[in-house]
Amino acid sequence: MITIYLPDNNSRTLPQGSTGMDLANSISKSLAKEALVIRMNGDLKDLSEPLLDQAHVEIIMRSQPEALEVIRHDVAHLLAEAAKELYGDDLQVTIGPAIDKGFYYDFAREKPFTPEDLETLEQRMKEIVDRDEQIHREVWDRDKAVAFFKSIGEQYKAEIINDLPAGEPISLYRQGNFLDLCRGPHAPSTKRIGKAFKLLKLAGAYWRGDSKNPMLQRIYGTAWTSEQDLNDYLYQLEEAEKRDHRRLGKDMNLFHIQEEAVGSIFWHPKGWTLYKTLKNYISHKLDKAGYVEVNTPELVDRKLWEASGHWDKFGQNMFTVQTDEDKTLAVKPMNCPCHVQIFKQGSKSYRDLPLRMAEFGTCHRNEPSGALHGLMRVRRFTQDDAHIFCTPEQINAETKSFCDLLLSVYKDFGFQDVMVKFSDRPDVRAGSDAIWDKAEGALKAAIEEAGIPYSMNPGEGAFYGPKLEFVLKDTLGRDWQCGTWQVDFVLPERLDATYIGEDGEKHRPVMLHRAIFGSFERFIGVLIEHYAGKFPLWLSPTQVVVATITNAADAYAQQVLEKLKQVGIRAQIDLRNEKISYKIREHSLAKIPYIFVVGKQEAEQETVAVRIFGQDTQRVDALSVALSTIVNEAKMPDA
RNA sequence: GCCGCCGUGGCUCAGUGGUAGAGCGCACCCUUGGUAAGGGUGAGGUCGAGAGUUCAAUUCUCUCCGGCGGCACCA
């Protein structure tokens, strides 16, 4: 007999060789029916796993959060089994993990899958669920497993096994006629997986994520523990699409992109108003934080980029211009070398440090065509860039005050949870290992002193130094890096920046590269989605529309408009020969924050009927009151 | 850049081997209406570009350009 302990600390005694399923059955029939896997001594295992004596065992039911990942992985296997049944002759399976919200499976197959194939596959997957195939785990000998997969033409699987670390048990899962290499754990049978899944999209993906490898066909799907959750998720996806910044940008007439300038934004009056408002806001913040603003050239001789290292490391992605004097100029991809040039004008003393040099610098990078994405990934963008020249001793304090500044900015837009990633040295880099040790150490010490939680992002640093990336999510769950903070000992060296220290000797400053929005383009993209186009009053391109009920009020409406403009409110007027409900509807759909409705009554009494977006009530205010109220409410945060 | 899908009036989309349609928007007319669509009339498209097949291509084939979804990339 063996003894096991349940989560409530009760123990149970079972015959030697009893499994998780035996345990579940011994507790209750309903539990056994709902059970998916067990957790034994902390690890998830199959229900068929023999229990160890003295083990701590928890039965995981489909309603528990841990079940989700198991189910998603199970559904990936369903997909693979269905694909083998339907297209087995010319198809190899590779890998199919659970991911956030679902799963994918990568197949090697000459013929492309079609959207109709997805339906066929999904149908077959549901049939496999109905078949209620038992899912068995088998442990195989390594060589035998490799030989087996080779014999059935599954080269990719054979390759995976070959690359598994020695000593790792080779476990295979069998369901019906389908046998797959897999770590598990899995549900005990296909029926138990349920049918709360849907195949969503087809995509290409490189074998092992390397663009030198062949491209596989990836099928993405979503899977949940209940139909309800599935439907909720699908609904959520639809809602998210509605706030896609590319759609809203078009609907709201903010900007456009056209093929003569791929990856560059044509800002329309409304979008540009938004942009200018943000610039005004952040300028104000930077002023208060002790930055000075500069402006530097866009076209700079390649010699400078060679000296900085950009030409060597990223020349491929730089746009260049040949002059008739046979010089090569590069369109700047970053502002930092130019800022060093300003720093180097005249001599600098330790008393000048830290020198915080900001620029709304417009940069161009020749991003791969497939990377472009609305405002989020563009070839021409303007950064809220700055470089802080300081001493090594000043790094910690600067890091702390930058993080404070950044978080206060994000908070003004309602971004509360910001992911911070620590990116350390990349393979392609400048500077010695000793310098990198120093820079990474300094950054780590600084972030830890600032007390900000972060996760590691190995190998993703800039070529000149490690960085912190501040990441926001778009509505479709994609991550976008906005803010950045980088410690750089390399560029000051390469571009020979110095200052005179207290000792009268020359010293190297440290350069801290930083941005809060990242780029205006991306940040506006994130904001459009974040607010679903319903901008707060201070940001809204049009803050008020004055709408008339009858043209008898036209003259008065004009006066109201003038007064609004005089107090700095962005206002428009709607004198069209339309009913007031028509105008209300139209401006509400355009997400205008305030509508001032004026008719005969308002004209006679010098009032306006104020209608606020999102509320279907109205209040009538004296014009002077309405003006002072809106001026007050339209102030930018922290003004 | 790679794989797949897509490209029709300003917008959203339907459709066909015999040179195209809807709704919204737009213009004009009637209506002056009190808080999310009043009515009528009308204009507007070389069906992404080029080549090929065909008596005939917007429709089929190829190439290119662009968009979308991923992958790779993201200093």
Roughly, in whole Å, what's the span from [atom1] in [X] to [atom2] in [N]?
{"X": "A:Asp574", "N": "B:G33", "atom1": "CG", "atom2": "P", "result": "17 Å"}
{"X": "A:Asn213", "N": "B:G1", "atom1": "CG", "atom2": "P", "result": "20 Å"}
{"X": "A:Ile219", "N": "B:G70", "atom1": "CD1", "atom2": "P", "result": "16 Å"}
{"X": "A:Trp207", "N": "B:G70", "atom1": "CH2", "atom2": "C1'", "result": "18 Å"}
{"X": "A:Arg247", "N": "B:C13", "atom1": "CZ", "atom2": "P", "result": "7 Å"}
{"X": "A:Asp100", "N": "B:G70", "atom1": "CG", "atom2": "P", "result": "13 Å"}
{"X": "A:Lys212", "N": "B:A72", "atom1": "NZ", "atom2": "C1'", "result": "10 Å"}
{"X": "A:Glu578", "N": "B:C26", "atom1": "CD", "atom2": "P", "result": "8 Å"}

Which one, [options], comes nearest to the side chain of [X]?
{"X": "A:Glu602", "options": "B:C73, B:G25, B:G34", "result": "B:G34"}
{"X": "A:Arg365", "options": "B:A75, B:C71, B:C68", "result": "B:A75"}
{"X": "A:Pro333", "options": "B:A37, B:C3, B:A75", "result": "B:A75"}
{"X": "A:Arg218", "options": "B:A37, B:A75, B:C71", "result": "B:C71"}
{"X": "A:Lys579", "options": "B:G33, B:U35, B:A75", "result": "B:G33"}
{"X": "A:Met215", "options": "B:G67, B:C2, B:G38", "result": "B:C2"}
{"X": "A:Ser581", "options": "B:C68, B:A75, B:A37", "result": "B:A37"}
{"X": "A:Tyr464", "options": "B:G69, B:A75, B:A36", "result": "B:A75"}
{"X": "A:Ala609", "options": "B:G34, B:G69, B:G66", "result": "B:G34"}
{"X": "A:His373", "options": "B:U32, B:G69, B:A36", "result": "B:G69"}

Taking only side-chain N and O atoms of [X], does any of them lie within less than 4.0 angstrom of OP1 or OP2 on [N]?
{"X": "A:Lys250", "N": "B:G10", "result": "no"}
{"X": "A:Tyr206", "N": "B:C73", "result": "no"}
{"X": "A:Lys467", "N": "B:A75", "result": "yes"}
{"X": "A:Tyr582", "N": "B:G25", "result": "yes"}

[N] and [M]: how far apart are their [atom1] atoms, nearest whole angstrom?
{"N": "B:C71", "M": "B:C24", "atom1": "C1'", "result": "38 Å"}
{"N": "B:U32", "M": "B:G39", "atom1": "P", "result": "15 Å"}
{"N": "B:A49", "M": "B:A57", "atom1": "P", "result": "15 Å"}
{"N": "B:C5", "M": "B:G45", "atom1": "P", "result": "32 Å"}
{"N": "B:G48", "M": "B:U16", "atom1": "P", "result": "15 Å"}
{"N": "B:A14", "M": "B:C6", "atom1": "C1'", "result": "16 Å"}
{"N": "B:U61", "M": "B:G21", "atom1": "C1'", "result": "27 Å"}
{"N": "B:U19", "M": "B:A27", "atom1": "P", "result": "33 Å"}

Determine the contact category for [X]: base if any of its heavy atoms lies under 4.0 Å from a base atom, sugar-phosphate if only primed atoms, P, OP1 or OP2 are that close, otherwise nothing.
{"X": "A:Thr550", "value": "base"}
{"X": "A:Leu589", "value": "base"}
{"X": "A:Ala205", "value": "sugar-phosphate"}
{"X": "A:Pro112", "value": "sugar-phosphate"}
{"X": "A:Leu202", "value": "base"}
{"X": "A:Arg246", "value": "sugar-phosphate"}
{"X": "A:Gln217", "value": "nothing"}
{"X": "A:Asn317", "value": "base"}
{"X": "A:Gln615", "value": "nothing"}
{"X": "A:Ala371", "value": "base"}
{"X": "A:Val262", "value": "sugar-phosphate"}

Query raised in the report: Can A:Phe314 be called stacked on B:A75 when the rule is centres closer than 5.5 Å and an angle between planes below 30°?
Result: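 Yes; centroid distance and tilt both under limits.
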
Report task. Name the residue closer to the 5' end of RNA chain B, choosing between A:Cys336 and A:Lys201 according to the nucleotide with the nearest heavy atom. Result ->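 Taking each residue's closest nucleotide, the earlier one in sequence belongs to A:Lys201.
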
Query raised in the report: A:Gly209 or A:Gly263: which one's nearest nucleotide on RNA chain B is closer to the 5' end?
Result: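 Of the two residues, A:Gly263 wins.
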
Paired with [N]: which nucleotide, if any, by Watson-Crick or G-U wobble criteria at under 3.5 Å for both distances?
{"N": "B:C55", "value": "B:G18"}
{"N": "B:C24", "value": "B:G10"}
{"N": "B:C2", "value": "B:G70"}
{"N": "B:U46", "value": "none"}

Query - Verdict with supporting geometry, A:Asp384 and A:Phe520, side chain to side chain contact (heavy atoms under 4.5 Å, CB included) - result: CA-CA 7 Å; A:Asp384 61 324; A:Phe520 282 88; 4.3 Å; yes

Report task. State whether the distance check finds a donor on one side and an acceptor on the other, under 3.5 Å, for side chain A:Arg109 versus base B:C3. Result ->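 Flag unset: no donor-acceptor pair detected.
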
Query raised in the report: If you take atom types as modelled and just measure distance, does the side chain of A:Glu259 reach the base of B:G7 with a donor-acceptor pair under 3.5 Å?
Result: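 Donor-acceptor pair under 3.5 Å: no.
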
Query raised in the report: Side-chain contact, heavy-atom cut-off 4.5 Å: A:Val75 with A:Trp224?
Result: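 No; the side chains remain at least 4.5 Å from each other.
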
Query raised in the report: Are the side chains of A:Cys482 and A:Val526 in touch, meaning some heavy atoms are under 4.5 Å apart?
Result: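 Side chain of A:Cys482 against side chain of A:Val526, heavy atoms only: contact under 4.5 Å found.
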
Requested in this report: Assess A:Lys111 against A:Tyr87: is NZ or CZ under 6.0 Å from the centre of the six-membered ring, and within 45 degrees of the ring's axis?
Outcome: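 No, A:Lys111 does not sit over the ring of A:Tyr87.
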
Requested in this report: Determine the interplanar angle of the A:His256 and A:Phe266 rings, folded into 0 to 90°, and report it as parallel if under 30°, tilted if 30 to 60°, perpendicular if over 60°.
Outcome: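 Answer is parallel, since the angle falls under 30°.
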
**Report entry** Plane angle bin for A:Trp267 and A:Trp272 - parallel if under 30°, tilted between 30 and 60°, otherwise perpendicular
**Finding:**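 If you compare the ring of A:Trp272 with that of A:Trp267, the planes turn out tilted.
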
Requested in this report: Could you tell me which non-hydrogen atom of A:Arg208 sits nearest to which non-hydrogen atom of A:Asn213, and how far apart they are?
Outcome: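 Here A:Arg208 and A:Asn213 meet closest at CB-ND2, 3.9 Å.
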
**Report entry** Salt-bridge contact A:Asp496-A:Arg508 (side-chain N to carboxylate O under 4.0 Å)
**Finding:**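 Yes, A:Asp496 and A:Arg508 are salt-bridged.
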
Query raised in the report: Got a salt bridge between A:Glu440 and A:Arg425, using NZ or NE/NH1/NH2 to carboxylate O under 4.0 Å?
Result: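 Yes, this pair counts.
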
Requested in this report: Verify the neighbour count for atom NZ of A:Lys198: are there more than 12 heavy atoms of other residues, nucleotides or ligands below 6.0 Å?
Outcome: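 Open.
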
